[in-house]
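If you're wondering where the values come from, they're calculated on a predicted model, not measured in any experiment. Lettering of chains follows the sequences in order, A, B, ..., and the numbering in each one begins at 1.
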2 protein chains.
Amino acid sequence: MPYTAPAEINTEQYSQSFITHFENRKNIAGYSKVRNILRYHPDQIIAFENDPITHLYEIMTGTVKTYKMLNDGRRQITGFYTKGDVVGLPVDGRYFYTIEAITEASICCHSKIQMKRLMDSDPDFTLKIIKSAHDRLRDAHEQMISLGRKTPDERIAAFLLKCQKWATIQIPAQNFIISLPMSRMDIADYTGLRQETVCRIFSKFKRSGLITLLRSDQLILNDHRQLLKLANLSEDNSETIPRYH
Amino acid sequence: MPYTAPAEINTEQYSQSFITHFENRKNIAGYSKVRNILRYHPDQIIAFENDPITHLYEIMTGTVKTYKMLNDGRRQITGFYTKGDVVGLPVDGRYFYTIEAITEASICCHSKIQMKRLMDSDPDFTLKIIKSAHDRLRDAHEQMISLGRKTPDERIAAFLLKCQKWATIQIPAQNFIISLPMSRMDIADYTGLRQETVCRIFSKFKRSGLITLLRSDQLILNDHRQLLKLANLSEDNSETIPRYH
DNA sequence: CGCCTGCTTGATGACAATCAAGTTTAGTGG
DNA sequence: CCACTAAACTTGATTGTCATCAAGCAGGCG
């Protein structure tokens with residue numbers, strides 16, 4: 001896959017950034033220097049595994065994935081990220097994952113150096129950075145029990161509920177139609193299954209009325225309660241579940 | 001399992017703490033107030049999943065594990081920790097894992113409040129906190145590709161190399177004998193296998209000469225090169241591999 | 001010594017991976 | 001607008017592998 005440099009776009013059209021998002025105010029020392037929004041195309045790579053860490057990335061729009069690969073091509077997707085998610089930490093070291101855009105995505109790239117400087121002057125900001133690390137770590141642990149101990153059905157159920165969560169973030173309120181921006185292969189590489197198995201479970205859930213498949217990338221969750229029960233989620237997702245009508 | 005409060009022990013006999021460990025100096029404002037070393041017995045629980053976060057824990061001696069459980073008893077061990085490892089972050093929220101001692105362990109408990117206060121006054125200290133979060137996150141991602149995409153043989157190989165790393169930290173230099181403080185069941189719950197499968201792979205590795213089993217909890221790695229190749233580790237572990245004689 | 005717990009080995013079966021064949025969808029050009 | 005192509009998705013048939021069930025073994029401790 002050829003690497004094409006992402007286009008730098010006008011930052012003025014974006015009202016949000018890492019700092020405003022977390023701080024709910026608009027001006028901080030060094031703000032404009034840090035801010036740097038880039039637009040990425042599907043399948044475009046944002047950062048490579050093992051490259052030195054230079055930035056942390058805040059997703060503004062679109063969906064992004066992180067993954068690790070083995071030398072023989074086996075791949076594990078370690079996370080999907082949408083609006084508001086922050087990938088990376090301002091530390092010296094190398095990325096232990098590749099970051100790749102799934103859809104068109106605008107991403108705010110914060111330089112590590114500037115982040116460090118900002119941390120010195122603003123304790124609240126520092127806490128937000130640590131909070132984002134905590135979020136990533138919670139996700140990772142949830143995924144570990146999924147991969148290590150849950151059945152394929154449970155993993156897919158958990159995945160679907162996660163998708164719903166993202167949907168409610170990107171398109172707040174209403175709308176029960178959930179879009180899956182990622183391919184079946186991506187879902188398989190996230191859940192530790194094969195794409196055929198993912199398909200079969202989707203079909204099974206459809207037959208049992210648990211979900212409705214409008215298209216291969218659009219579905220409706222018909223029975224959240226059942227899905228939640230099946231997913232065996234240990235984290236409390238109740239606050240993000242829209243009410244039934 | 002009955003919960004018994006850990007014994008508070010004399011802090012004077014310990015020369016190291018989170019701060020001195022990371023900072024290489026001995027006095028920081030609030031230092032003595034933060035410092036609080038407790039001793040835990042095997043199988044004693046240090047913190048429960050879903051309890052509010054009150055402390056972060058720095059392992060001084062012994063081995064500790066974190067795990068998540070499903071309501072039907074399935075368990076995933078998400079990490080093992082030894083001397084120098086830090087578990088937890090100074091954020092508001094709840095532990096998303098249970099922390100339990102495997103061996104006798106002395107643990108420095110740093111109160112979240114004090115940690116936050118310390119972060120305000122010392123940017124270097126803050127960076128160390130973030131670094132420890134980064135380390136935990138790297139481990140988690142490595143474990144995700146292990147659980148999701150590696151074969152049982154590869155997972156055990158990776159696990160054994162990790163054990164060696166811990167051994168070289170706890171007992172620096174020489175000594176090729178590696179002690180496994182955890183049970184077969186623990187290894188199974190860490191690698192996403194069953195204890196019978198773990199046993200079989202141990203036996204297979206033994207038959208092939210890859211390892212020597214002195215006792216069920218003591219072994220020697222006879223062929224690091226082969227083991228590394230088999231483990232398919234994406235992180236660079238070369239610096240922690242002792243030389244052959 | 002005998003019991004108990006943890007570890008090891010064996011036999012069998014369930015289930016997801018694999019291999020293979022369709023089917024749908026999206027994109028392209030006449 | 002439709003024909004054609006390629007890629008993504010879905011379904012089917014078979015196999016291999018790890019979980020399961022079961023039995024034996026070894027070490028630790030009263």
Side-chain angles (χ1 to χ4, degrees), chain A residues 1 41-43 65 70 72-77 102-104 146-157 159-160 163 178-208 211-219 230, chain B residues 1 42-43 65 70 72-77 102-104 146-157 159-160 163 178-208 211-219:
Chain A
M1 185 169 313
H41 303 300
D43 302 329
K65 66 191 171 195
L70 301 176
D72 61 0
R74 278 176 289 173
R75 187 181 68 151
Q76 178 66 40
I77 292 181
I102 293 177
T103 63
E104 292 286 332
S146 211
L147 292 169
R149 285 294 177 235
K150 286 187 184 173
T151 66
D153 285 10
E154 291 167 336
R155 293 183 216 177
I156 295 297
F159 168 77
L160 290 175
C163 283
I178 295 168
S179 304
L180 304 179
M182 68 292 285
S183 68
R184 293 288 185 272
M185 187 65 98
D186 277 351
I187 299 172
D189 281 346
Y190 179 66
T191 54
L193 304 168
R194 311 262 90 167
Q195 62 170 343
E196 295 95 325
T197 305
V198 173
C199 271
R200 278 182 241 276
I201 294 171
F202 270 55
S203 299
K204 180 161 62 170
F205 283 4
K206 185 183 174 184
R207 276 195 304 277
S208 70
I211 63 171
T212 303
L213 266 172
L214 303 175
R215 295 189 339 204
S216 71
D217 63 343
Q218 282 191 353
L219 53 80
L230 184 55
Chain B
M1 185 170 311
D43 302 329
K65 66 191 171 194
L70 301 177
D72 62 359
R74 279 175 288 173
R75 187 181 68 152
Q76 179 67 39
I77 292 180
I102 293 177
T103 63
E104 291 288 329
S146 211
L147 293 169
R149 285 296 177 232
K150 286 187 184 175
T151 67
D153 285 10
E154 290 167 337
R155 294 184 215 176
I156 295 297
F159 167 76
L160 290 175
C163 282
I178 294 168
S179 304
L180 304 178
M182 69 290 285
S183 68
R184 292 290 185 270
M185 187 66 98
D186 278 351
I187 300 172
D189 281 346
Y190 179 67
T191 54
L193 304 168
R194 310 263 91 166
Q195 62 170 345
E196 295 95 325
T197 305
V198 172
C199 271
R200 278 183 242 275
I201 294 171
F202 271 54
S203 298
K204 181 162 60 169
F205 283 3
K206 186 183 173 183
R207 274 197 304 278
S208 70
I211 63 172
T212 302
L213 267 172
L214 303 175
R215 295 189 339 205
S216 71
D217 63 344
Q218 281 192 350
L219 51 82

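dA8(D) atom P lies 14 Å from atom CD of Glu196(A), rounded to whole Å. Across the protein-nucleic acid pair, Arg200(B) atom CZ and dG16(D) atom P stand 19 Å apart, rounded to whole Å. To the nearest angstrom, P of dG27(D) lies 13 Å from CD of Gln218(B). Following rounding to the nearest Å, Lys204(B) (NZ) and dT17(D) (C1') show an atom-to-atom distance of 10 Å. As rounded to whole Å, 13 Å separates atom P of dT17(D) from atom CD of Glu154(B). Counting to the nearest Å, the C1' atom of dC18(D) and the NZ atom of Lys150(B) are 19 Å from each other. At whole-Å resolution of the value, CZ in Arg155(B) and C1' in dC18(D) are 10 Å apart. The separation between Gln195(A) atom CD and dT10(D) atom C1' is 10 Å, rounded to whole Å.
Side-chain N or O atoms of Gln76(A) include one that pairs as donor or acceptor with a backbone N or O of Tyr190(A) at under 3.5 Å. Side chain of Thr197(B) to backbone of Leu193(B): no donor-acceptor contact under 3.5 angstrom is found. A donor-acceptor contact shorter than 3.5 Å is absent between the side chain of Arg184(A) and the backbone of Arg194(A). For the pair Gln218(B) (side chain) and Ile178(B) (backbone), a donor-acceptor distance under 3.5 Å is absent. The backbone N or O of Arg149(B) lies less than 3.5 Å from a partner atom in the side chain of Arg74(A), making a donor-acceptor pair. Looking only at distances, a side-chain donor or acceptor of Thr191(B) sits under 3.5 Å from a matching main-chain atom of Ile187(B).
Nearest-nucleotide assignment on DNA chain C puts the 5′-proximal partner with Arg215(B), out of Asp153(A) and Arg215(B). Sequence order on DNA chain D of the closest nucleotides to Arg194(B) and Ser183(A) puts Ser183(A) first from the 5' end.
A close approach under 4.0 Å does not occur between any side-chain nitrogen or oxygen of Ser216(A) and OP1 or OP2 of dA8(D). Side-chain nitrogen and oxygen atoms of Arg184(A) include at least one within less than 4.0 Å of the OP1 or OP2 phosphate oxygen of dT10(D).
Listed candidates were dT10(D), dA13(D), dC21(D). Nearest to the side chain of Cys199(A) is dT10(D).
Note that the first and last nucleotides of DNA chain C, 5' to 3', having any atom under 4.0 angstrom from a heavy atom of chain A are dA16(C) to dC19(C).
Across every non-hydrogen atom of Pro181(B) and Ile102(B), the tightest pair is O-CG2, 3.2 Å. In this structure, Arg155(B) and Leu147(B) approach most closely via the heavy-atom pair NH2-O, 3.5 Å.
Between Asp153(B) and Lys204(B) there is a salt bridge, since at least one side-chain N of the basic residue sits less than 4.0 Å from a carboxylate O of the acidic one.
With the end axes of the helix from dC1(C)-dG30(D) to dG30(C)-dC1(D) each set by five pairs, the angle from one to the other reads 40° at 10° resolution.
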